[in-house]
Number of protein chains: 2
Amino acid sequence: MAGVSFKTVSRVVNGEPGVSSAVTDRVREAAAALGYRPNAAATALRRADGRTATFGVLLEDAGNHFFAMLLRGIEDVARERGVAVFTSSTDLDFAREREMTAAYVARQVDALITAPSDSAGEHLRRVIAQGRRVVLVDRTLDGLDVPTVLVDNALGTRTAVDHLIARGHRRIGFLGRDPSIYTSRGRYAGYVEALTGAGITVDPSLVHREGFTGSSPRAAIERLLDLPDPPTALFTGQDVITMTAVSVLQRRGLSDRVALVGFDDFELADLLQPGVTVVAQDPRRIGALAAELALDPAGSGVHLVPTQLIERGSGEIPA
Amino acid sequence: MAGVSFKTVSRVVNGEPGVSSAVTDRVREAAAALGYRPNAAATALRRADGRTATFGVLLEDAGNHFFAMLLRGIEDVARERGVAVFTSSTDLDFAREREMTAAYVARQVDALITAPSDSAGEHLRRVIAQGRRVVLVDRTLDGLDVPTVLVDNALGTRTAVDHLIARGHRRIGFLGRDPSIYTSRGRYAGYVEALTGAGITVDPSLVHREGFTGSSPRAAIERLLDLPDPPTALFTGQDVITMTAVSVLQRRGLSDRVALVGFDDFELADLLQPGVTVVAQDPRRIGALAAELALDPAGSGVHLVPTQLIERGSGEIPA
DNA sequence: AGCCTTTACGACAACGTTGTCAAGATCTCG
DNA sequence: CGAGATCTTGACAACGTTGTCGTAAAGGCT
């Protein structure tokens, strides 16, 4: 339509030098009139560096507030740099994790940003060996030397449990997710450290770790509260479990009697009665940092994003 | 490595007939050993139908619970069918909307699933004219004959406002988003219909529509409650505004005095005091339906997903 | 004017696949 | 045992770009 070779179009579109301004204008006009967009598949295929300007993001659940905000953080950075983002949720299903990793690799993503399960080590190693960039968020795996963004789960939990201990609590329940989840292990470790640091022995009957016990968090909380010598405080190791605890405590009229601190902030935590004290993460920042590491060829190492204890009432109930 | 031509590899990988089982095994072994994955860019480039098994999803905010769940619904269906999903949030910024649409078109998505702004008509028309599949969710545009998934915003709102009227309320505040948002217009229309249907004239001083008024929802709620003759009930036209209303009412100690019904369900709505009555949508179903329409070449028309009034207490406070 | 440099373009190969076609090997059946 | 059918495989073009190179035209210098 502009009466030039397709190579000249390529030059104009990519802003390469060596095209007269008259021809440039003609090409631009024709491109606008036709709604021409370069075919990204062909571009990626031909480019020397093979870059596709695409990330693959693989998280547990894009419907969960924490991961949704993490995704927003990735998006924010990606959009600025013209990178498109594939997303998918695993729901902790390893088959899906493998399948989606393969799907992203087939689509030649420039980087895979993922919160891996413990089992992911093997296939991630292959992905890395093929020279594809991998960035880990929220969770990590031994022996994988890739840029990683984490929080100090043990430290955050220690802060929370110390906070409860300082208010006189000795019997503090722990409600955590399956220990096969990296964050869950760190949080349990922090709980144990805090208690032993204060000279309190860990009472296994106050500990619920999903997958070990088999029962649901709700049943576990009920069980703890039904003990002859029930806990005076609860630490919950994830937002969903925290909300479950709030629900159970409310239904039993114990909201103002049993202290509660949860890991992860969530919407409306301040509007509940009492407000829920939490160890907050900054998932948007975690995501943004991960995306920057994915874009920076020199990016490496483990980056810790700090957590913050937010007092809202539930964690300040004395023993 | 398997000692065959690359065409034979293609046959094995795609399960085409006419390859002996011995060769198939050799190829599979070699592929496994090398971690070979077909290059999706090359495949898409060469395929007769040009399919990329990729969707582009463009919503307002993946961090908002409604859109996050909508995205999950899309993901659920997409994964089943081997489709990868690009996601991006516009935050109502039209420049981003255009930019990301172009980015998805360049990447040859099989379908663009989007909640369009009013301004998107022009560029979407071009995208459709180029033969690319477009599916609208949550919002629609006149003169775009594409598969669409909506809820009946006016009906849902009428149900909510009728519910308040049935409990004796006559002065019912309306707190909505910018009328440039499709859903916001339908919800306001439903509010007006319900009131006039009950013989109540709409009092403009009880109506806040962001963008018209200029002020924030929080300021608007404060203003309404400060009126000499304040509303006895509020209808809030979106989850974020509902949460703001809960916050203001709580701070003023009016939670048990002023009735409240909100559009959109949200987490913890049942754990607030009182529980928040809402007109709930089923965003996951909306997303799943949209994805199915995107995959089905025969999919067309406007599909309405029903809303449901969930009574939790705040909407049952009498005048 | 004659030569060299620069500018502005096009021709062509290549990226890694799939679709088409051809050809050799093997099987079937009278 | 031979002719035809079928089965298995490879050669080659093509998808829409980018990178390399060639070349005609224009410009600069002596």
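Chain identifiers are assigned alphabetically (A, B, ...) following the order of the sequence lines, protein sequences preceding nucleic acid strands; residue numbering begins at 1 within each chain. All values reported here derive from a predicted model rather than from experimental measurement.
Judged by distance alone with a 3.5 Å cut-off, no donor-acceptor contact links the side chain of B:R46 to the base of D:dG16. Side-chain atoms of A:R11 and base atoms of D:dG19 include no donor and acceptor less than 3.5 Å apart.
Between A:N14 and B:F6, the residue whose closest nucleotide on DNA chain D is further toward the 5' end is B:F6.
If you check every strand for non-hydrogen atoms under 4.0 Å, A:V23 touches sugar and phosphate atoms only. Across all strands, B:V4 comes closer than 4.0 Å only to sugar-phosphate atoms, never to a base (heavy-atom distances). Residue contacts for A:S10: at a heavy-atom cut-off of 4.0 Å it reaches a base atom on one of the strands shown.
Not a single donor-acceptor pair under 3.5 Å links the side chain of B:R133 to the backbone N or O of B:L112.
B:E99 is not listed as a side-chain neighbour of B:S88, based on a closest heavy-atom distance of 4.5 Å or more.
Proximity of A:S20 to the phosphate of C:dT7: no side-chain N or O atom is located under 4.0 Å from OP1 or OP2.
Out of D:dT18, D:dT9, D:dA11, the shortest distance to the side chain of B:K7 is found at D:dA11. When the nucleotides D:dG10, C:dG10, C:dC15 are ranked by their closest atom to the side chain of A:L45, C:dC15 comes out on top. If you check D:dT9, C:dC9, D:dT17 against the side chain of A:T43, the one that comes closest is D:dT17.
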